[in-house]
Amino acid sequence: MEQRVSDPLDTPQAAKPSLLRRQSETIAFVVMVAALVIAPFFTYPLFLMQAMCFALFACAFNLLIGYVGLLSFGHALYFGWGSYLSAYAAKSWGLSPELAIVVGTATGALLGLLAGSLAIRRQGIYFAMITLALAQMMFFFALQAKFTGGEDGIIQGVTRGHLFGLIDLKNEANMYIVVLAIFLAGFTFIYRIIHSPFGEVLKAIRENEQRAISLGYKTDRYKLVAFVLSATLAGCAGATKAIVVQLASLTDVNWPMSGEVVLMTLVGGLGTIFGPSSAPSSSWRCSTNSPPWASGCWLSKELFS
Amino acid sequence: MFEIFGIPSNALFGQLLIGLINGSFYALLSLGLAVIFGMLNIINFSHGAQYMLGAFVAYLILQYSGLGYWPALVIAPIVVGISGVIVERLFLQWLYKLDHLYGLLLTFGLALIIEGIARNFFGSAGLPYTVPESLRGGQNLGFMFLPNYRAWVIVASLTICFGTWFVIERTRLGAYLRAATENPTLVRAFGINVPRMITLTYGFGVALAAVAGVMAAPIYNVSPQMGSELIIVVFAVVVIGGMGSILGAIVTGFGLGVIEGLTKVFFPEASNTVIFVIMAIVLLVRPAGLFGRRA
Amino acid sequence: MRKTLGLAALAAILACGTANAQQINVKIGVLSDMSSLYADIGGPGSVAAAKMAIADYTKDHPNVKVELVSGDHQNKPDVGTNIANQWFDVDKVDMIIDVPNSGVALAVSQVAANKNGIFIVSGAAASTLTGEKCNANTVHWTYDTWMLANGTGKAMVKTGGDTCSSSPPTTRSVTRSRPTLRRWSRRTAARCSARSVPLNTNDFSSFLLQAQSSKAKVIGLANAGGDTINSIKQAAEFGIVKGGQSLAGLLVFSSDVNALGLQTAQGLALTETWYWDANDTNRAWTKRWQTERAAANKYPTMIHAGVYAGILHYLKAREAIGAGAADGKTVVAKMKSIPTDDTLFGKGAVRADGRVTHPAYLFEVKKPEESKYPGDFYKLRATIPADEAFRPLNEGKCPLVSG
């Protein structure tokens, strides 16, 4: 492991993670993938797919709160509207599922940009309140707009379609693989973000924003980019969920959903990479009586909280 | 009658009066929130649940002891206030030194628990609670028929709000409270029992929510989710008014009720969102709120 | 009556020889709102009604074994579809019944069509379930919005209401109530001004004020559940009924009236297809239901009656198929071919579009002094025969019919 003499004007580099840490992270990742691969043989796949969507949502949220230190109380906005646009695209525009998911993700990104540029101007509790206000405004808009179907949601006619025109997603196995791929892609993307120079700056902002500014970083821009990334991934999670369950409803844009993702992340562990992805399955939808799952992820969380 | 912007004036005044009534509830609830935040630095997300508890306790008092509205108006806030004191002693006192967000998350969790327990025992359908005999009927004001009970709500709310403001801003006890939040150590040095004052303040704020709940029981649906439907709007009111400002909460509460009422007349689709739009604007332009002192 | 039928059935079976006494196992799921807004109109009461139906049927047909499960959809379409999917896929449920909440019902109807299961709707209102969104796996019992608007609207006109003001279409019925209101005004040829008020409002005072000042003879409330309770409570506060205007509820159940109390709800006009106090059979059934439900102060609603009747008819059809293919479409087709006949709704039929027809009744809520005993809520104002009560078959735009 190299020792770097750090010049104060240089880009700060975190000390490279120790070999042991790298190993434990890799093991945890492998365990998680293995668990996800064999789980559908033991548990109802539809439930697992939704759990993965929520896990991705929680990871996206965790990016913002765990690594940048910004509590957004309106994250359901991106999740819900991602699901609405994705469902609408699949139903009314007849788009194939991958395009529908792209539409949903793009919606998350756009809304994240708009909301973020407004919200970033304030910190702490006021930031949270702005995100809540914006989410509530869009909730009432969703309630009244024609295309979202109001209280019913977009409930009939959302077809799973054929991925790339070839793979029939009505087949549960195919759908599961696709969702797993999306989840792992999102997860690794977040991992890469966190362990990159960009990610280090984010952590620096979380620890002490004033110092980061004094070092010359335009923290507002970093925060906005992180916000947009988080919103994009939340939109992706919502869009995927809409295709999986073939509906989009008001539950996903309502403020209790924002609260749920906060809880999921907290239960899993703020600021850990594996934490949020383990929580959704155990804390979500207790009424469906599904067994708590992903104990392997809990284990990895213990390794480096 | 004459018309203003195409709306007959009697309808307009009627809506203004109704807006004032709604504003009374907003003011009462945001007063409690402002007291708690101003004095304790805790964002009490369980305020809506405590409002709901007030209504439920009133209902239970009626069911099991036959005591009606007027005793409930006194008993329910005391009962719920005591529960607030317990919560403060058990949970909240560890969080004062930390960031606001921890208090928010804890009280959010508490709100979910309270709501879940209520739903478990009572289901989600509404429970009946009638307007007390002495307040039934109404006055025909010419431009509208004003139910006596709603008039009572306005009067009671104004009295409680003004009373609280007076106590906090103009009496010695209020001065102690305000000093204790600014510099607890110094105030303690003077021999004043600061932790007890803080506990009682939280209890008082919670009791305010419960009073609002009892007053709401006869006219709104007594159900476990009555609080969560209202809490977000009340938050918006508090933020607009200024999170620590008592006067801000009162003025903004009544003011926003009136604005909402006007919006319902002229532009009904926007009446749900107008408060949030104002909240977003205020947060961007003047984050401390209209009357707030802290940034 | 039922005993004779049972004996006759038994005799018929024995006469045909024991080879026809086919062992039939079915699994039924009651999917309802167990804890939320509709828990009293559906909920555990529906489960109780289901248990009674199963007990009654298997008593006379011991060769049929029925397993019952229940679930809570919490008024959320995603939870409802999850449970429905799991039931059809994993738990091998054959038939799902109840589902108050039209959004959830529409979603579950789609799931039933996808999985070729059976779905009997007793709780939901949407008339599109047997209209544009109909499918070969869904049967709609008890009521729908068309029947409600038709029943209450027509009858109000007959009894003198010629102007009306409509009410806030609320969260639960926004997509249904606007066309319903149009239908209402068309049907009544009345001057109707519609005011739509934003959804999820706790406070209807501003709307009620407008309606009061408009001096409309009838104020229609096109909302449901807790919102109806709220608007009626607040209407009582403003003295609307005392002032001479009458209230008509689009979707009001006896449990809502129970929750409101007669003092507040008096004078309300509403349409239902079953009332617990209408005759001795209903009263006896209600006593059994109250024992099953362990709730002596609750009264069954028409939804509970619909669950009971729906299960009986399903089991009848299922047994008639016997050993043959018993997938969703086949059983529903069989249900459509057998006329319905049960102790609660009388004679009726399942139409091609899935709609079950039976008579409807216009009730008015009694004044407190008119009520002689707990649960004495309604007085009957009019009876609408089965063939008039529901939307005509050719008007529904159901693909199964016009196609």
Side-chain angles (χ1 to χ4, degrees), chain A residues 61 64-66 68-74 76-77 114-146 150 206 209 250 253-267 270 283-284 286-287, chain B residues 33 37 41-43 45-46 48 98-113 115-116 119-120 225 228-229 231-240 242-244 263 268-289 292 294-295:
Chain A
F61 177 76
L64 211 51
I65 189 174
V68 190
L70 293 170
L71 171 65
S72 158
F73 226 88
L77 171 59
L114 291 171
S117 44
L118 285 175
I120 294 290
R121 297 182 198 194
R122 298 286 166 238
Q123 284 84 26
I125 187 65
Y126 301 103
F127 171 82
M129 288 289 134
I130 294 188
T131 54
L132 181 60
L134 294 170
Q136 279 304 98
M137 279 195 271
M138 290 306 284
F139 167 74
F140 285 112
F141 177 59
L143 193 53
Q144 295 174 27
K146 266 235 152 68
R206 177 189 68 191
E209 189 171 349
L250 272 182
V253 272
N254 206 355
W255 75 262
M257 176 59 77
S258 297
E260 266 186 54
V261 75
V262 175
L263 283 176
M264 276 189 237
T265 311
L266 279 181
V267 167
L270 273 170
S283 65
W284 167 66
C286 303
S287 63
Chain B
L33 267 178
F37 184 76
N41 238 11
I42 295 271
I43 296 157
F45 220 98
S46 49
L98 299 178
D99 190 67
H100 299 157
L101 299 178
Y102 290 94
L104 184 140
L105 291 170
L106 178 77
T107 48
F108 176 62
L110 277 174
L112 290 178
I113 294 175
E115 213 178 289
R119 193 172 297 138
N120 207 25
Q225 56 266 17
S228 58
E229 288 159 1
I231 187 73
I232 302 291
V233 177
V234 174
F235 263 112
V237 169
V238 174
V239 168
I240 294 172
M243 294 205 67
T263 324
E269 293 81 26
S271 61
N272 274 334
T273 49
V274 66
I275 292 188
F276 297 106
V277 171
I278 297 178
M279 175 170 150
I281 295 174
V282 167
L283 276 171
L284 291 170
V285 169
R286 212 192 129 93
R294 309 156 207 255

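In what follows, every chain begins at residue 1, and chains take the letters A, B, ... in the order their sequences are listed. Since the model is a prediction, treat every value here as computed from it, not as a measurement.
For a residue to count as touching a neighbouring chain, one of its non-hydrogen atoms must lie under 4.5 Å from one of that chain's; by this rule B:Val277 touches chain A with backbone and side chain alike. Looking at B:Ile275, there are no atoms closer than 4.5 Å to chain A (heavy atoms on both sides), in backbone or side chain. For chain B, the nearby part of A:Leu132 is the side chain; its heavy atoms alone come within less than 4.5 Å. For chain A, the nearby part of B:Ile231 is the side chain; its heavy atoms alone come within less than 4.5 Å.
Between the CE atom of B:Met279 and the CD1 atom of B:Ile232 there is a distance of 8.5 Å, given to the nearest 0.5 Å.
Within the 3.5 Å criterion, the main-chain N or O of B:Leu283 finds a donor-acceptor partner in the side chain of A:Arg122.
Test A:Leu77, A:Asn254, A:Thr131 against A:Gln136 for side-chain contact (heavy atoms from CB on, under 4.5 Å) and you get one pass: A:Asn254.
Between A:Phe73 and B:Phe45, the distance from one ring center to the other falls under 6.0 angstrom.
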